[in-house]
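See below for the structure under consideration.
This is a predicted model, so every value here is computed, not measured. Sequential numbering from 1 along the given sequence is applied to the chain's residues.
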Amino acid sequence: MPVELLALGTVEPIARVEIRAQVGGILRKVGFREGDAVKKGQVLFEIDRAPFLVALQRAEANLGRDRVQRDNARVQASRNDELLKKGLVAQSAVDDARTTASAFAAAVVADEAAVAEARLQLGYATIRSPLDGKSGGLQAFVGNLVRASDVAPLVTINQLQPIRVAFAVPARDLPSIRAALASSRTIEVRAQVVKSTGPAARGALFFVDNLVNSNTG
């Protein structure tokens, strides 16, 4: 015979994500309406990209300049190596040329990192949904200045498909529940709205908390 346990539960989203800005700027676009269902990857917000484009162009210009200087310094160092073999330059001149070439090579590496960072910041200006879910109320609107340090999220997304129901059962029933889980059996859960006459939603038990409430058992 099946063993049935009755309990009151609460419906909870399977995931809840607070959407926040990672860069600061003027909010130029909101890509949804409050309460809309949104898809993973959907553009939710766009922050003014102009400052980040300028920063990227500056970083790319610095990278191009230092690459030219690095290549020129390497050619000069190679020439000095050949002249040293012929006794036409001093060792100090060769050392200086090698040091200059190494310095410009290090500058190029730093510039490449700056370009990567600028591209990353530019990417942060477009905020996309990390999951499928339902949007809540907006906390910022087009024209507002948003900052990465803002306490309130721009919006909260709740994933509702699938969804979960949290409920409590008496501690005396915990051993039998654990035994059923240990036997690899699927423990069915049926959830129904109180006083509803419609069919119950069916699911499966997938998580048992590791704490018994000492106040209620």
Side-chain angles (χ1 to χ4, degrees), residues 4-49 52 117 119-142 144-171 173-174 177-178 180-196 198-216:
E4 293 187 349
L5 301 177
L6 299 179
L8 292 176
T10 55
V11 179
E12 300 176 349
I14 198 74
R16 179 183 177 89
V17 178
E18 294 183 343
I19 306 299
R20 300 176 186 273
Q22 293 181 270
V23 293
I26 301 297
L27 192 59
R28 294 300 186 193
K29 179 182 177 181
V30 177
F32 65 99
R33 292 183 298 179
E34 292 175 302
D36 276 356
V38 297
K39 295 293 185 180
K40 181 178 181 180
Q42 178 180 335
V43 175
L44 301 179
F45 302 97
E46 288 186 3
I47 298 172
D48 187 10
R49 294 162 52 91
F52 306 107
E117 182 180 5
R119 285 176 178 162
L120 190 64
Q121 297 294 310
L122 178 60
Y124 287 154
T126 300
I127 303 175
R128 300 179 183 273
S129 177
L131 46 74
D132 295 342
K134 190 173 181 62
S135 63
L138 280 170
Q139 301 300 315
F141 300 87
V142 173
N144 286 158
L145 174 63
V146 298
R147 301 179 180 87
S149 58
D150 287 343
V151 175
L154 299 175
V155 72
T156 299
I157 306 294
N158 286 333
Q159 182 179 350
L160 304 180
Q161 192 65 252
I163 201 163
R164 70 180 184 181
V165 176
F167 57 93
V169 296
D173 295 318
L174 185 58
I177 294 174
R178 283 180 169 169
L181 288 174
S183 66
S184 299
R185 296 208 313 268
T186 298
I187 301 179
E188 185 185 44
V189 176
R190 286 174 290 173
Q192 190 164 25
V193 179
V194 176
K195 297 183 180 180
S196 171
R202 294 176 179 268
L205 181 67
F206 75 99
F207 168 71
V208 177
D209 201 354
N210 61 358
L211 179 68
V212 174
N213 189 323
S214 59
N215 294 322
T216 64

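In terms of the side-chain hydrogen bond (donor to acceptor under 3.5 Å, both in side chains) criterion, residue partners of Arg190 (sequence neighbours excluded) are, by chain and number, Glu4. Scored by the salt bridge (Lys or Arg N to Asp or Glu O under 4.0 Å) test, Glu117 finds no partners at all (sequence neighbours excluded). Qualifying side-chain hydrogen bond (donor to acceptor under 3.5 Å, both in side chains) partners for Glu188, counting only residues two or more places apart in sequence or in other chains: Arg202. With sequence neighbours excluded, the residues forming a side-chain hydrogen bond (donor to acceptor under 3.5 Å, both in side chains) with Glu18 are Arg20, listed by chain and number. Remark: Phe32 engages Phe45 in a ring pair (Phe, Tyr, Trp, His ring centres under 6.0 Å) (not counting sequence neighbours).
Distance check, rounded to the nearest 0.5 Å: CZ of Arg128 to NZ of Lys39 gives 16.0 Å. For the atom pair Lys134 NZ and Asp36 CG, the distance stands at 7.5 Å (nearest 0.5 Å). One finds the CD1 atom of Ile47 at 11.5 Å from the CG atom of Asn144 (value rounded to the nearest 0.5 Å). In this structure, Gln22 CD and Gln121 CD are separated by 8.5 Å, a value rounded to the nearest 0.5 Å. Atom CG of Leu138 is separated from atom CD1 of Ile19 by 11.5 Å, given to the nearest 0.5 angstrom. The line from CZ of Arg28 to OG1 of Thr126 is 13.5 Å long, rounded to the nearest 0.5 Å.
Residues Asp132 and Lys40 approach most closely at OD1-N, 2.6 Å, considering heavy atoms. Residues Gln192 and Pro199 approach most closely at NE2-C, 4.3 Å, considering heavy atoms. Considering every non-hydrogen atom in both Ala204 and Val189, the closest pair reads C-CG2, 4.0 Å. Closest approach of Ala180 and Ile187 over heavy atoms only: CB-CD1, 3.6 Å. Contact record, Ala15 with Leu131: CB-CD2, 4.0 Å, taken as the closest heavy-atom pair. For the residue pair Gly35 and Ser135, the shortest heavy atom distance occurs at N-OG, 3.0 Å.
In this structure, Asp150 contributes its side chain and Ala152 its backbone to no donor-acceptor pair below 3.5 Å.
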Extract all donor-acceptor atom pairs below 3.5 Å that involve side chains of residues 153-170 and protein atoms in other chains or at least two apart in sequence.
{"from": "Asn158", "atom 1": "OD1", "to": "Arg16", "atom 2": "NH1", "distance (Å)": "3.3"}
{"from": "Arg164", "atom 1": "NE", "to": "Glu12", "atom 2": "OE1", "distance (Å)": "3.2"}
{"from": "Arg164", "atom 1": "NH2", "to": "Glu12", "atom 2": "OE1", "distance (Å)": "3.4"}

